[in-house]
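Quick note: numbers below take in every heavy atom, side chains included, and nothing from hydrogens, waters or symmetry partners.
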Amino acid sequence: MQREAVTVWNRCLQVIQENIPDQSFRTWFEPIVPLRLNGSELTIQVPSQFFYEWLEENYVHLLRKALDFAIGHHGQLQYSIIVDKGDEGSKPLTVNVPTSKSPQNAKPDNVDADILKSPFEMKDLDSLQLDSYLNPAYTFDNFIEGDCNRLGRSAGFAIAQNPGTTAFNPLMIYGGVGLGKTHLVQAVGNYIKNNNQDKFVLYVSSEKFTTQFINSIRTDSLRDFMGFYMQVDVLIIDDVQFWAGKEKTQETFFHIFNHLHGAKKQIIMTSDRAPRDLQGMQDRLQSRFKQGLTADLTQPDLETRTAIIQKKLLAEGIFIEHNVIEYLAHSINTNVRELEGVIVSLMAQASLNRREIDLDLARNTLRNLIIDSDKEVTIDTIQDVVADHFKIAVSDLKSKSRKKEAVFPRQIAMFLAKDLTELSLKSIGYHFGGRDHSTVIHAIQTISDITNTNPQIRETVEKLKGSLK
């Protein structure tokens, strides 16, 4: 069957290669593996969801043309998307998606999705295979560990191996937007689900829980709602801060919590702030949140950002030079989600412009990617503005020259970089010719002292700052 699939796919490639540039063909079609031919339906395997979405967005008509040539007008295409590469002991986990279906609605190959009615009507969960609402792409294997998340990751893995029996019950993971809270807690859920077939894992957002609760009151099925949640073995609640002020929802969850905790069932929660900072939350519920382990996720450090970039590129089957990775890691100091978003934008720019991913493309992509127009200022923009004001080249700011006409603008640019970006001193120094953090500190202190005593320099700095905001 696979031999037939290879033959048909090679015929498709003949058409595709004739209609697109060589670079695009190598990037988007060479990594594809034909899996099987079932009648007139060809299944091809792609290395990531990003690959699938890009093909559907940009090459769906070309693929239709290729299928018409290789199979006929009745030919159909199905994707097998790798969401977990697996290891020596387990096969890769894939999601099968037809061309007419969005990946968000796809089910993993090994999931039985025949339960379509409300789970609250089920009186006995033991004989059922219910949907856990977990994203199979969220695993420990693709969660990058660093100082910013080590406690939470270690606790999560300990729970995954022995759910409900550790001291980490409940586990509360908190932190800002895009730092990996949802990824981490779902990784715990996926590990338990894959290694403990007898345990029912359920992931639900706090908003969905509230909606289900309200509907159960409206339909007079509150007892069924409570009974369902009290049978869950591992309950993962995302973004509990949304329960602020919702007294009835909190009261209901309090009773569910007590039952599950008393039965040694595992409870995992996330929040955007520490339990003590949750406003509008009942004291007794806050005390339950603090009962086990509370772990925060912070912004990833340089080494972790570098590892995230490398892992993301590897997952997408893309190779770029280390100096580009280093530039991205030093330039993006926000959160994991925005870091991954920049990588996706960079890959898209490379494909659209039919060019390799190099340092110039990375700079242009960051310069043009406005994450937040009211606050986002890049160090490249700062260097451009300062160089233009003082009538020098940006290369002068990065050079080793100690001439006054280069040193003073360089110090002002470093001062502005510290004031207007969240980059570390080490990353600022990297962008100015690889200078160490002590040089950056000296520059910042020098400009700070001058602006306090020299109104003309202070006005210049304020003018530059104003043009950047």
Subject >> Residue of the set Asp238, Asp239, Thr270 for which side-chain hydrogen bond (donor to acceptor under 3.5 Å, both in side chains) holds with Thr182 >> reply: Asp238
Subject >> Leu425 CG to Asp436 CG distance, which is reported to the nearest 0.5 Å >> reply: 10.5 Å
**OP:** Test side-chain hydrogen bond (donor to acceptor under 3.5 Å, both in side chains) on Arg288 and Asn258 and set out the steps.
**Re:** CA-CA 9 Å; Arg288 295 296 190 277; Asn258 284 343; 2.9 Å; yes
Original post:
Near His442 NE2, under 6.0 Å, is it more than 12 heavy atoms from other residues, nucleotides or ligands?
Top reply: no
**OP:** Look at atom CD of Gln161 and say whether more than 12 heavy atoms of other residues, nucleotides or ligands are closer to it than 6.0 Å.
**Re:** yes
**OP:** Give a yes/no verdict on a cation-pi contact between Arg153 and Phe157, requiring under 6.0 Å between NZ or CZ and the six-membered ring centre and an angle within 45° of the axis.
**Re:** yes
**OP:** Taking salt bridge (Lys or Arg N to Asp or Glu O under 4.0 Å) as the test, write out the residues that go with Asp301, two or more places apart.
**Re:** none
**OP:** Please confirm whether Lys208 makes a cation-pi placement over Tyr133, using NZ or CZ under 6.0 Å from the six-membered ring centre and within 45° of the ring normal.
**Re:** yes
Original post:
Can Phe143 and Leu184 be said to form a side-chain contact (heavy atoms from CB on, under 4.5 Å), step by step?
Top reply: CA-CA 7 Å; Phe143 183 86; Leu184 177 56; 3.9 Å; yes
**OP:** Kindly compute the distance separating CZ (Arg305) from OG (Ser427), expressed to the nearest 0.5 Å.
**Re:** 5.0 Å
Original post:
Within a strict 4.5 Å, meaning less than it, do heavy atoms of the Leu202 and Tyr229 side chains meet?
Top reply: yes
Subject >> Any side-chain heavy-atom pair of Val344 and Lys312 under 4.5 Å >> reply: yes
**OP:** Please say whether more than 12 non-hydrogen atoms of neighbouring residues, nucleotides or ligands are located less than 6.0 Å from NZ in Lys290.
**Re:** yes
Original post:
Under 4.5 Å between any side-chain heavy atoms of Thr252 and Phe225, yes or no?
Top reply: yes
**OP:** Name the orientation class of the two ring planes belonging to Tyr138 and His183 (parallel below 30°, tilted from 30 to 60°, perpendicular beyond 60°).
**Re:** tilted
Original post:
Got more than 12 heavy atoms from elsewhere within 6.0 Å of NZ, Lys418?
Top reply: no
Original post:
Between Thr306 and Glu326, does a side-chain contact (heavy atoms from CB on, under 4.5 Å) hold up when you go through it step by step?
Top reply: CA-CA 7 Å; Thr306 302; Glu326 186 180 39; over 6 Å; no
Original post:
Are the ring centres of Phe209 and Phe213 closer than 6.0 Å?
Top reply: no
Original post:
Cation over ring, Arg284 on Phe254, under 6.0 Å and within 45°?
Top reply: yes
Original post:
Taking atom types as modelled and ignoring hydrogens, do the side chains of Glu251 and Gln282 form a donor-acceptor contact shorter than 3.5 angstrom?
Top reply: no
Subject >> Stepwise side-chain contact (heavy atoms from CB on, under 4.5 Å) check, Val385 with Phe390 >> reply: CA-CA 9 Å; Val385 169; Phe390 287 99; over 6 Å; no
Subject >> Nearest-0.5 Å distance that lies between atom CE in Met347 and atom CD1 in Ile343 >> reply: 7.0 Å
Subject >> Tyr79/Tyr52 aromatic ring centres below 6.0 Å >> reply: yes
Original post:
Crowded around Asp449 CG? As in, over 12 foreign heavy atoms under 6.0 Å?
Top reply: yes
**OP:** Among Lys264, Gln266, Lys265, Lys193, find the one that has a side-chain hydrogen bond (donor to acceptor under 3.5 Å, both in side chains) with Asp233.
**Re:** Lys265
Subject >> Aromatic ring pairing Tyr59/Phe29, orientation class (parallel under 30°, perpendicular over 60°, tilted between) >> reply: perpendicular
Subject >> 4.5 Å side-chain heavy-atom contact, Leu179 and Asn149 >> reply: no
**OP:** Decide yes or no for Val407 and Lys403: does some side-chain heavy atom of the first lie under 4.5 Å from some side-chain heavy atom of the second?
**Re:** no
**OP:** First locate atom CG of Leu293, then atom OG of Ser154, and finally report the distance between them rounded to the nearest 0.5 Å.
**Re:** 10.0 Å
**OP:** Classify the ring geometry between Tyr430 and His330 as parallel (under 30°), tilted (30 to 60°) or perpendicular (over 60°).
**Re:** parallel
